Amino acid sequence: MATTEDDFQDILNAESFVDIDKLRSVARHGIPEEARGKAWKYLLGVETPDKSHEISTQMQQYREYLQYDKENTHMAKRVRGETSRYCFRRRKEFEKLEFKGKDLESRMENVVTAYMNRHRLNQLPEMLVPMCGPFVYTVAIESEVYFCFEKLLSQLDDLLATHDLNQRLANFLMLFRVLMPDLYNHFEEEEINFREWATSWFQHLLSRELPLECIVRLWDTYFAIPEGVSMHVYVCLAILFHVKDNLEELEQSEIHSLLLRLPALDMDMIISNAFRIKDEVIQQSLIELN
C-alpha cells in the first residue's frame, strides 16, 4: 500500500483526535522516517489520541522521567560498557542523527539505568541495550524514548506470561523442521546449536542481528497489528526462508556468523512472507495459536 508522509502527517496532526485505527491500518505497511517517532508513540499508547490532553501528557511524562533515578553504582560500569560497545558497532547507522558520540551513549545509559532502577533489576539483562537502540534511533526526546521502550518491554512480559520463551522456541524449532527440512538437516549435520542463535532472535526481537533500518521497519508492523510481537515467530521463519539457499552452502562457523549478524533484507517482502507462513501454519494446524 502506497502511503505518503503527507498521509501520515494528516492522521498525526489531526486537530482534535488521532484516528488510531486508521494509523494502524497504514503503519503496518511501514512508516516514513519523518513520521515514525510520533507514530510509534501513538501506536504504543505513550501518547493519547485525544489531542486536548497532548501537552499535559507530555509534560507529565517529562516531569516524571526527570524524577527517575538514573544512577546505579553497582551496574554503572556494565551499562556504560554495553552501551559504548553497542554505539561503536552501530556508529555508521547513527551518523545521520543530530546527537552522536557521548550524547548518544548518555541517552541510552540514562534510559536503560532508569528502567533497571524502576523495575528493581539487580543485573543487566543483555536484551536491554540492543532493544533500547531503535528507540534512541527513532524518537527524539529522551523521556519519550524511555516510555516507548518501557511499553515494548511490557508487551513482551505479557506475551511471556502466557507463552514462555521455552515454549515459543519449541514451536519455532518444530515449524522450522516441518517447513524447511533440508535446511534443518543441514544445521544438524553442521552441529549448529539451535538455541544459541534462536534464543537471541526471540529475546531481542532481532534488534541485535538486523541493521537498524530493518529493525525499525519490522517494528512498524509489530506496533500496528493486533498480533503484535506474537507475529515474531513467523518473521523469523520468513528470514530463514529468505537466506535458506545461502545457508545451505555454508559451514558451521559461517552459519553462526550469518545468523548473528544478518545482512540488510527487504523487510516488506519478509513481513509479507511471514503472514503467508502464518496462514499456512493455521491451515495445516501445525501449532496451537492461543
Side-chain angles (χ1 to χ4, degrees), residues 12-13 18 20 23 27 31 33-87 90 94 96-158 204-205 207 212 215-216 219-220 222-224 228-229:
L12 295 170
N13 295 327
V18 173
I20 297 297
L23 179 60
I31 304 171
E33 181 180 323
E34 296 78 3
R36 179 173 281 126
K38 191 171 184 178
W40 277 14
K41 289 185 289 179
Y42 284 106
L43 293 171
L44 287 165
V46 171
E47 287 277 16
T48 174
D50 187 345
K51 286 293 190 77
S52 66
H53 301 304
E54 184 175 35
I55 300 300
S56 61
T57 299
Q58 290 173 353
M59 289 304 299
Q60 178 183 345
Q61 290 176 346
Y62 177 73
R63 293 191 190 101
E64 186 177 336
Y65 180 71
L66 280 180
Q67 300 302 312
Y68 290 172
D69 181 8
K70 303 173 189 67
E71 298 290 335
N72 187 319
T73 305
H74 176 61
M75 292 303 300
K77 185 175 180 180
R78 174 80 189 279
V79 173
R80 186 168 298 115
E82 289 295 319
T83 55
S84 178
R85 282 187 287 273
Y86 175 86
C87 291
R90 300 283 194 182
F94 281 126
K96 69 174 188 177
L97 301 182
E98 293 181 7
F99 50 92
K100 301 184 180 74
K102 293 301 180 183
D103 187 22
L104 175 65
E105 292 180 28
S106 177
R107 288 184 182 216
M108 291 190 69
E109 284 180 41
N110 287 342
V111 170
V112 170
T113 304
Y115 181 86
M116 291 178 63
N117 289 337
R118 287 280 297 166
H119 294 266
R120 300 178 180 177
L121 302 180
N122 295 320
Q123 298 295 326
L124 173 65
E126 63 178 24
M127 65 187 289
L128 290 192
V129 170
M131 291 192 67
C132 180
F135 292 110
V136 173
Y137 183 71
T138 301
V139 181
I141 299 173
E142 185 179 309
S143 59
E144 295 176 348
V145 170
Y146 175 86
F147 288 107
C148 288
F149 175 60
E150 187 176 51
K151 283 283 189 180
L152 175 58
L153 294 180
S154 177
Q155 289 182 13
L156 281 175
D157 286 343
D158 290 344
H204 303 95
L205 293 183
S207 61
L212 277 168
I215 298 164
V216 297
W219 289 10
D220 289 344
Y222 286 172
F223 298 164
V229 292

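What you see is a predicted model; the values in this text were computed from it and never measured.
Between Val111 and Val136 the shortest side-chain heavy-atom distance does not fall below 4.5 Å. Contact annotation: the side chain of Lys70 approaches that of Glu142 to within less than 4.5 Å [non-hydrogen atoms, C-beta and beyond].
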Can you check side-chain contact (heavy atoms from CB on, under 4.5 Å) on Leu44 and Phe135, steps first, answer last? CA-CA 12 Å; Leu44 287 165; Phe135 292 110; 3.9 Å; yes
Begin from the C-alpha positions of Leu153 and Met127 and carry the test side-chain contact (heavy atoms from CB on, under 4.5 Å) through to its verdict. CA-CA 10 Å; Leu153 294 180; Met127 65 187 289; 3.7 Å; yes
Given the rule in the side-chain contact (heavy atoms from CB on, under 4.5 Å) test, do Gln58 and Glu144 qualify, once you have shown the distances and angles that lead to the verdict? CA-CA 8 Å; Gln58 290 173 353; Glu144 295 176 348; 4.2 Å; yes
Could you go step by step and tell me if Asp50 and Thr57 meet the side-chain contact (heavy atoms from CB on, under 4.5 Å) rule? CA-CA 10 Å; Asp50 187 345; Thr57 299; over 6 Å; no
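A side-chain donor from one of Glu150 and Tyr146 sits under 3.5 Å from a side-chain acceptor of the other. When only modelled atom types and interatomic distance are considered, Glu64 and Tyr68 share a side-chain donor-acceptor pair under 3.5 Å.
Partners of Asp69 by side chain to side chain contact (heavy atoms under 4.5 Å, CB included), not counting sequence neighbours, listed by chain and number: Glu71, Asn117.
Counting all heavy atoms, side chain and backbone alike, Cys132 lies closest to Val145 at SG-CG1, 4.5 Å. Annotation for Ile31 and Ala39: closest pair CD1-CB, 3.8 Å, computed over non-hydrogen atoms. Nearest approach of Pro49 to Ile20, heavy atoms of both residues: CG-CG1, 3.5 Å. Between Lys41 and Cys148, the shortest heavy-atom distance links the atoms CG-SG, 3.7 Å. Minimum heavy-atom separation, Pro134 to Pro130: CD-O, 3.0 Å.
To the nearest 0.5 angstrom, Glu47 atom CD is 6.5 Å from Gln61 atom CD. The CE atom of Met131 sits 9.5 Å away from the CD1 atom of Ile215 when rounded to the nearest 0.5 Å. Within the model, atoms CD1 of Ile141 and CZ of Phe147 stand 12.0 Å from one another, a figure rounded to the nearest 0.5 Å. The structure places OG of Ser207 at 7.5 Å from CZ of Arg90, a figure rounded to the nearest 0.5 Å. Rounding to the nearest 0.5 Å places CG of Leu124 at 14.5 Å from NZ of Lys77. For the atom pair CG (Leu43) and CZ (Arg36), the distance works out to 11.0 Å, reported to the nearest 0.5 Å.
Shown here is Asn122, whose CG atom has no more than 12 heavy atoms of other residues, nucleotides or ligands within 6.0 Å.
A salt bridge is defined here as a Lys NZ or Arg NE, NH1 or NH2 lying under 4.0 Å from an Asp or Glu carboxylate O, and Arg85 with Glu82 meets this definition.
A ring-ring contact (aromatic ring centres under 6.0 Å, His included) with Phe149 is found for exactly one of Tyr115, Trp40, Tyr65, Tyr137, namely Tyr115.
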